[in-house]
Amino acid sequence: MGGARPVSAGERIGAIDTLRGVAVLGILVMNIYAFAMPFIAYMNPLAMGGLEWYNLGTWFVTHVFFDQKFLTIFALLFGAGLVIMWERANARGTPLGPIYFRRQLWLLVIGAVHGYLLWFGDILFSYAVMGMLVYFLRSLRPNTLIFIACCMLPIGPLVSFGGALYVEELQGEIAEIDALIEVGRELDEEQTAKKEEWDSIASFVAPSEEDVQEELSTYRNGYLGIVAYRAPLVATMQSQNTIFFMLWRVAALMLIGMAFMKLGILSGKRDAHWYRRMMITGYGLGLPVVIAGSLNLYAHEFDGIYMMRIGLLPNYVGSVLVSFGHVALVMLFVKAGRWPSLMARFAAVGRMALTNYLLHSVVMTTIFYGYGLGLFGEVPRLKQMAFVVALLAVQLWLCPIWLRVFRFGPAEWLWRSLSYARVQPMRRGA
């Protein structure tokens, strides 16, 4: 790997670190639902989490301002990171490919371990796969990257729409099969296979009360039972979800992130007037779409098949625009030098983004799962936000203290040591 080495503190881009810190903390605001309640409650606030106006209001606010927005920023930054590594490797005259793919493969391993052993909602696995795919487009011009991304983004909703049509057709066949079962008819192999297929699909789009109770019971019990229960879900998310959703959305957003990095948008090189226009445009176009979409979901009672068909489309589109508004807002704070102490804390969180992301899973599963405090399904949405605020406050306080002594977060140190095939010095001055 020649002269390849981790980026030094002096080479870091402060605006990128700050934005990454905001993104990783913002992700927890939505992930708390999946930590604290059955999976269906993440998409459907009517399923669990309190039907009071303040709990539904909590869902509305988090859906409008957080759902998919900070994952989008994370993907943009992933693409930006590739451009940064590529430009620095070129400046040093060292090949990027070997070390980059080694990094991605180890990230994939970390994501798989995280998903199977800690929490089913891992994003690292899919981001690692997508990061390897977009590597081959790193040298394209910004306009070309954005054009390819815009061609890719619509494919996800089209796939989802096709899936909804198939599920509706299967649902009709299952009604006929259930009628046969009621009159005591024995099913043939094809009917039995369709019944099994529907049972697996229904647990996602329309789980029964028995499915929800089974999930509640499982996550309120021991660790090994939880690992066994979530393994099929993790396998589905890291295979089918990666192919049918992540490939088109996340990879496209990484391409946009690469373009934005080359255009100086994510590194804070544009002037304040430019970022103000970006913020107004992003929020002005995105927020009305997301708000209208959320009201439409409520009107359709968050029907799973409707969401697959068209119900999630407004947030799919609007979340990208709102995330651009978030990016511009952070850049305006960075360029204006406002709240420098807070911005420095966000930057410290961003430098330890992997550690902080994994720490979310460790802390929240310990609080909500049966091998910890066993609060799964017991805490309404509004009160869940208290856990979010508490953990975010701890991370904002602790990360700067940690980085005064150490060069990396613990997970970053492990990832870099594995990627460079040598133990990295951990303490500052080493």
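When reading the values below, keep in mind they use all heavy atoms of this one structure, side chains included, and skip hydrogens, waters and symmetry mates.
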Do L77 and I73 come within less than 4.5 Å of each other through their side chains, counting heavy atoms only? yes

Sort out for me which residue in Y33, Y42, F302 forms a ring-ring contact (aromatic ring centres under 6.0 Å, His included) with W59. F302

Before giving the answer on side-chain hydrogen bond (donor to acceptor under 3.5 Å, both in side chains), spell out for T94 and R88 the whole-Å C-alpha distance, their side-chain angles and the decisive distance to 0.1 Å. CA-CA 9 Å; T94 58; R88 286 173 176 166; over 6 Å; no

Hey, mind stepping through N315 and Q68 against side-chain hydrogen bond (donor to acceptor under 3.5 Å, both in side chains) and telling me if it holds? CA-CA 8 Å; N315 193 49; Q68 294 297 319; over 6 Å; no

M307 and M43: CA distance, side-chain angles, deciding distance, side chain to side chain contact (heavy atoms under 4.5 Å, CB included) verdict: CA-CA 9 Å; M307 286 194 284; M43 300 301 301; 4.2 Å; yes

Just by modelled atom types, is the R141 backbone N or O under 3.5 Å from a matching donor or acceptor in the K262 side chain? no

For the student: nearest non-hydrogen atoms of A251 and V134, plus distance: O-CG1, 3.7 Å

What about F120 and F39, are their ring centers closer than 6.0 Å? yes

Mark yes or no for whether R249, through its side chain, and Y316, through its backbone, hold a donor-acceptor pair below 3.5 Å. yes

In sequence, state the C-alpha distance, the side-chain angles, and the governing distance for Q384 and M37, and then conclude on side chain to side chain contact (heavy atoms under 4.5 Å, CB included). CA-CA 10 Å; Q384 290 172 25; M37 296 181 292; 3.5 Å; yes

So which atom in F74 and which in A353 form the shortest heavy-atom distance, rounded to 0.1 Å? CZ-CB, 4.3 Å

CA sep, side-chain torsions, deciding dist, call: D67, S319, side chain to side chain contact (heavy atoms under 4.5 Å, CB included): CA-CA 7 Å; D67 189 15; S319 62; over 6 Å; no

Evaluate the criterion ring-ring contact (aromatic ring centres under 6.0 Å, His included) for residue pair F136 and F101; output intermediate values, then yes/no. CA-CA 11 Å; F136 301 100; F101 280 94; 5.8 Å; yes

Heavy-atom closest contact (Y116 atom, Q238 atom, distance): CE1-OE1, 3.7 Å

Under 6.0 Å from the NZ atom of K383, do we count more than 12 heavy atoms belonging to anything else shown? no

With Y219 as partner, the option from W119, Y229, F368 fulfilling ring-ring contact (aromatic ring centres under 6.0 Å, His included) is Y229

Does the S419 side chain pair with the main chain of R416, one donor and one acceptor, at a distance under 3.5 Å? no

Is any side-chain heavy atom of I110 closer than 4.5 Å to a side-chain heavy atom of L358? yes

Whether F406 and W402 hold their rings parallel, tilted or perpendicular, with breakpoints at 30° and 60°: tilted

For ring-ring contact (aromatic ring centres under 6.0 Å, His included), just list the numbers for F60 and Y298, CA-CA rounded to whole Å, side-chain angles, deciding distance to a tenth of an Å, and then say yes or no. CA-CA 10 Å; F60 178 81; Y298 182 80; 9.8 Å; no

List the residues meeting ring-ring contact (aromatic ring centres under 6.0 Å, His included) with W274, not counting sequence neighbours, and say none if there are none. none

Between Y135 and R138, is there a cation-pi geometry (under 6.0 Å to ring centre, at most 45° from the normal)? yes

Please examine the side chains of M258 and L255, heavy atoms only from C-beta on, and report whether any two atoms are closer than 4.5 Å. yes

Pairs involving residues 324-359, ordered by first then second residue, that meet ring pair (Phe, Tyr, Trp, His ring centres under 6.0 Å) (sequence neighbours left out): F70-H326, H114-Y357, F260-F324, Y283-H326, F333-W339

Kindly indicate whether the side chain of N221, heavy atoms from C-beta on, has any atom under 4.5 Å from the side chain of I226. no

Without swapping roles, check the side chain of T236 against the backbone of P232 for a donor-acceptor pair under 3.5 Å. yes

In short, L96 meets A89 closest at the heavy-atom pair CB-CB, 3.9 Å

Might you point out which heavy atoms bring V64 and S294 nearest each other, and give the distance in Å? CG2-OG, 4.3 Å

Between S208 and D211, do the side chains contain an N or O donor and an N or O acceptor separated by less than 3.5 Å? yes

With no hydrogens and no angle check, is any side-chain donor or acceptor of R230 less than 3.5 Å from a backbone partner on L117? yes

Does the side chain of I27 come within less than 4.5 Å of H360's, by heavy atoms? no

Between the main-chain N or O of G318 and the side-chain N or O of K69, is there a donor-acceptor pair closer than 3.5 Å? no

Without swapping roles, check the side chain of R338 against the backbone of L332 for a donor-acceptor pair under 3.5 Å. no

Within 45° cone of W415 ring axis and under 6.0 Å: R103 NZ or CZ: yes

CD1 (I310) with more than 12 external heavy atoms under 6.0 Å: no

According to salt bridge (charged side-chain N to carboxylate O under 4.0 Å, His left out), who are the partners of E87, at least two apart in sequence or on a separate chain? none

Would you check if I13 and M261 make a side-chain contact, meaning some heavy-atom pair closer than 4.5 Å? yes

Hey, is E378 close enough to R220 for a salt bridge, meaning N to O under 4.0 Å? yes

Hey, what's the ring geometry for F376 with Y369, parallel, tilted or perpendicular (30° and 60° as the breaks)? perpendicular

Test log, rule ring-ring contact (aromatic ring centres under 6.0 Å, His included), inputs F387 and F35: CA-CA 11 Å; F387 292 95; F35 284 123; over 10 Å; no

Other residues, nucleotides and ligands only: do more than 12 of their heavy atoms fall within 6.0 Å of CG on N143? no

Do you know the tightest heavy-atom contact between L56 and P45? CD2-CB, 3.9 Å

Quick check, are the ring centers of Y371 and Y223 under 6.0 angstrom apart? yes

